[in-house]
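Before any comments, here is the structure.
Start at 1 with the first residue, then count along the sequence.
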Amino acid sequence: MISAQAWADARLLWDYHRMHHDPRPCSVAVGLGSHDLGVADVAAELYHQDVAPVIVFTGSTSPTTRARMPRGEAVHYRERALQLGVPDSAVLLEPRATNTGENIEFAKALLAEAGVKVSSVLLVSKPYEERRSYAMMRKLWDEVEVVCASTPMGLEEYADSIGDAHMVIDMIVGALQRVLVFPVKGLAIEQDVPDAVAAAYERLCAEGFTSRLLPADVAARRSA
């Protein structure tokens, strides 16, 4: 069972993770690989709205996605986009990246090799990955404008769509940890984290929503 307090704290983190950007025309859309095919759905929808003329899907597999997407995240995203009417000529595939930093760096290199001039990127991710991905883009590809987009769902609706609410809250907590620690590692720009969000994060960690924390942080918490 997930307590009422945990749901309230998770909703607070959920809203913080969303950048609340309005979609606007960009040079390219980049769909970040994950377990969630909704990323491909959003990228396809925005393509049909003429928001981006080219989509890059980037991602290999991970322990979370290997069973769901055995051919690789980017491949499954591409197949979904083609089913939704995106022409093959509008899709570039980057199938090697195993983390968000590689997603960004490999997509950048692929677009350069393809001769696509990029001044702005529509960055499509899971809803709770918007802020972390934005912060990493501003560090690793700082010469482009970044507009974030994701599935327009509330937390409960999204958790129902995934079918595992505990895993979703674990991931929300893990994403917040990375917002906190990645700037120190040189992987992202710093983001302001309100005290209420930080307190909700600590309560969720104390309740055991820690499976997506970086291993060193989990060890530190257990020894504290």
In terms of relative ring orientation, are Y128 and Y158 parallel, tilted or perpendicular, with 30° and 60° separating the classes? perpendicular
Could you tell me whether a side-chain N or O of S3 sits under 3.5 Å from a main-chain N or O of A6, the two making a donor and an acceptor? yes
Do M153 and I2 land in one hydrophobic cluster if side-chain heavy atoms of ILVMFWY residues count as linked below 4.5 Å? yes
If hydrophobic clusters are built by linking Ile, Leu, Val, Met, Phe, Trp and Tyr wherever their side-chain heavy atoms come under 4.5 Å apart, do I169 and L214 end up in the same one? yes
Expected output: side-chain T65 to main-chain T61 donor-acceptor under 3.5 Å: no
Distance-only, no hydrogens or angles: does the S27 side chain make a donor-acceptor pair with backbone N or O of S119 under 3.5 Å? yes
Any donor-acceptor N/O pair, E102 side chain to T98 backbone, under 3.5 Å: yes
Between the side chain of H17 and the main-chain N/O of I172, is any donor-acceptor distance below 3.5 Å? yes
Can any side-chain N or O of H76 pair as donor or acceptor with the backbone N or O of R71 at less than 3.5 Å? yes
Got more than 12 heavy atoms from elsewhere within 6.0 Å of CD, E190? no
Taking only residues two or more places apart in sequence or in another chain, which ones pass ring-ring contact (aromatic ring centres under 6.0 Å, His included) with Y134? H21
Atom CG of D195 with >12 non-hydrogen neighbours under 6.0 angstrom: no
Sorted by chain and number, sequence neighbours left out, side chain to side chain contact (heavy atoms under 4.5 Å, CB included) with A90 holds for Y47, V86, P87
hydrophobic_cluster_shared for L140 and F106, side chain cutoff 4.5 Å: no
Are R24 and E145 close enough for a salt bridge, meaning some N to O gap below 4.0 Å? yes
Inter- and intrachain pairs under side chain to side chain donor-acceptor pair (under 3.5 Å), touching residues 87-97, at least two apart: T58-E94, R78-D88
For E130, enumerate each residue passing the salt bridge (charged side-chain N to carboxylate O under 4.0 Å, His left out) test, keeping only those at least two apart in sequence or located in another chain. R18
Output, in order, the C-alpha distance, side-chain angles, deciding distance and verdict of side-chain contact (heavy atoms from CB on, under 4.5 Å) for K108 and E143. CA-CA 11 Å; K108 179 180 179 180; E143 65 268 29; 3.0 Å; yes
Using ring-ring contact (aromatic ring centres under 6.0 Å, His included) as the criterion, list what pairs up with H48, not counting sequence neighbours. none
Just how far is it from atom CZ of F182 to atom CZ of R132, taken to the nearest 0.5 Å? 5.5 Å
Could I get the full list of salt bridge (charged side-chain N to carboxylate O under 4.0 Å, His left out) partners for D36, not counting sequence neighbours? none
